[in-house]
Colleague: 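Quick one: this structure, given as structure tokens, is what I'll be asking you about.
Computed from a predicted structure; not experimentally measured.
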Amino acid sequence: MSKRTRQQTIIELVARKRIPSQAALADELKKSGYAVTQATLSRDIAELDLVKSKGGYTRPQDAGGSGTRPAPDPVGTLKRLVIKVESAFNQVVVRTSPGGAGAVALALDDKQYDDVLGTIAGDDTILIVTRSTEAAKELSGKLCELLG
């Protein structure tokens with residue numbers, strides 16, 4: 001099944017029922033015939049601009065928005081979801097709101113930092129591996145500056 005049909009299924013699921021977490025969404029997708037990894041689901045959530053609130057995942061237009069997809073805002077994503085940034089050796093650990101790691105990792109990947117070798121995102125934690133200890137400290141500082 002295609003990405004487009006999977007994402008359409010996600011839109012339909014969040015529109016008709018309360019989906020409180022990525023795990024619950026993965027379960028619902030599995031019932032619909034889609035076995036997805038956490039990474040794929042995180043990308044889908046980010047691409048569909050789903051927002052997680054106390055009531056579960058929704059689309060901004062379903063919550064009274066304009067219905068048009070805004071241009072991606074990586075800094076806004078970081079400010080909205082990142083809780084803490086720390087570095088150790090050549091690694092940076094970013095803590096996010098629950099379910100926010102995928103969207104933040106995608107935003108960081110989009111910024112294409114030269115010294116970043118890769119990112120790994122869980123539900124609320126991202127591990128960023130850099131080329132050196134100095135690069136990790138520099139990236140951590142840049143992220144903290146962006147957060148204000």
Side-chain angles (χ1 to χ4, degrees), residues 1-88 90-130 136 139-148:
M1 295 184 195
S2 74
K3 175 181 176 178
R4 182 181 300 164
T5 57
R6 181 184 68 242
Q7 288 187 344
Q8 184 59 41
T9 301
I10 292 170
I11 290 168
E12 291 167 5
L13 285 168
V14 300
R16 74 172 187 254
K17 65 183 348 182
R18 184 178 177 277
I19 308 288
S21 67
Q22 278 192 17
L25 183 54
D27 289 343
E28 291 297 325
L29 283 171
K30 190 173 183 179
K31 291 177 191 174
S32 299
Y34 296 94
V36 296
T37 65
Q38 185 275 328
T40 297
L41 190 53
S42 290
R43 279 190 296 275
D44 286 345
I45 288 169
E47 289 174 14
L48 294 170
D49 289 328
L50 296 183
V51 177
K52 188 172 181 184
S53 66
K54 289 181 182 179
Y57 283 103
T58 60
R59 293 180 357 159
Q61 54 267 42
D62 295 338
S66 67
T68 60
R69 183 180 171 131
D73 177 17
V75 174
T77 298
L78 294 174
K79 286 183 175 183
R80 189 175 70 250
L81 298 173
V82 173
I83 296 169
K84 186 176 184 181
V85 177
E86 293 184 279
S87 67
N90 70 322
Q91 301 169 8
V92 178
V93 175
V94 179
R95 295 286 189 170
T96 71
S97 301
V104 172
L106 186 62
L108 292 171
D109 288 344
D110 284 348
K111 288 188 77 59
Q112 298 179 347
Y113 291 104
D114 290 335
D115 287 327
V116 171
L117 298 174
T119 59
I120 300 171
D123 182 62
D124 63 356
T125 305
I126 303 163
L127 173 64
I128 305 168
V129 179
T130 63
L139 177 61
S140 180
K142 284 180 185 178
L143 294 176
C144 288
E145 280 180 32
L146 284 174
L147 297 174

Colleague: Just verifying a value: how many Å separate T58 OG1 and I11 CD1, rounded to the nearest 0.5 Å?
Modeller: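 Here the interatomic distance stands at 12.5 Å.
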
Colleague: With heavy-atom distances below 4.5 Å as the criterion, would you say the side chains of V129 and I120 are in contact?
Modeller: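 Heavy-atom side-chain distance check fails, nothing below 4.5 Å.
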
Colleague: Do L50 and V14 come close enough that some side-chain heavy atom pair is under 4.5 Å?
Modeller: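 Answer yes - side chains close enough.
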
Colleague: Can you list everything that forms a side chain to side chain donor-acceptor pair (under 3.5 Å) with D124? Sequence neighbours excluded, please.
Modeller: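 Testing D124 for side chain to side chain donor-acceptor pair (under 3.5 Å), a comparison that skips the adjacent residues, returns none.
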
Colleague: Indicate the atoms forming the closest heavy-atom contact of R6 with D44, along with that distance.
Modeller: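 That would be NE-OD2, 2.6 Å.
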
Colleague: Within the 4.5 Å heavy-atom criterion, are I19 and I10 side-chain neighbours or not?
Modeller: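 A side-chain contact is absent here, since even the closest heavy-atom pair is not under 4.5 Å.
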
Colleague: What pairs meet the salt bridge (charged side-chain N to carboxylate O under 4.0 Å, His left out) rule with one or both residues in residues 21-31, with sequence neighbours excluded?
Modeller: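 Every pair satisfying salt bridge (charged side-chain N to carboxylate O under 4.0 Å, His left out) with a residue in residues 21-31: K17-E28, E28-K31.
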
Colleague: Does L127 offer a backbone N or O that forms a donor-acceptor pair with the side chain of Q91 under 3.5 Å?
Modeller: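 Judged by distance alone, no pair lies under 3.5 Å.
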
Colleague: Should we count CZ of R4 as having more than 12 external heavy atoms under 6.0 Å?
Modeller: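 Open.
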
Colleague: Looking only at atom types and distance, does a side-chain atom of N90 sit under 3.5 Å from a main-chain N or O of T130, one as donor and one as acceptor?
Modeller: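 Yes.
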
Colleague: When you measure from the side chain of S140 to the backbone of A136, do you find a donor-acceptor pair of N or O atoms at a distance under 3.5 Å?
Modeller: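 No, S140 side chain to A136 backbone: no donor-acceptor pair under 3.5 Å.
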
Colleague: Look at the side chain of T5 and the backbone N and O of S2, then say whether any donor-acceptor pair between them is shorter than 3.5 Å.
Modeller: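 A pair under 3.5 Å: yes.
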
Colleague: Keeping the roles fixed (side chain from T119, backbone from I128), state whether a donor-acceptor pair exists under 3.5 Å.
Modeller: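 No; zero donor-acceptor contacts below 3.5 Å.
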
Colleague: Within the 4.5 Å heavy-atom criterion, are Y113 and L143 side-chain neighbours or not?
Modeller: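 Touching, per the 4.5 Å side-chain cut-off.
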
Colleague: Can you see which heavy atom on S42 is nearest to which on Q22, and at what distance?
Modeller: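 So the two residues come closest at OG-NE2, 3.3 Å.
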
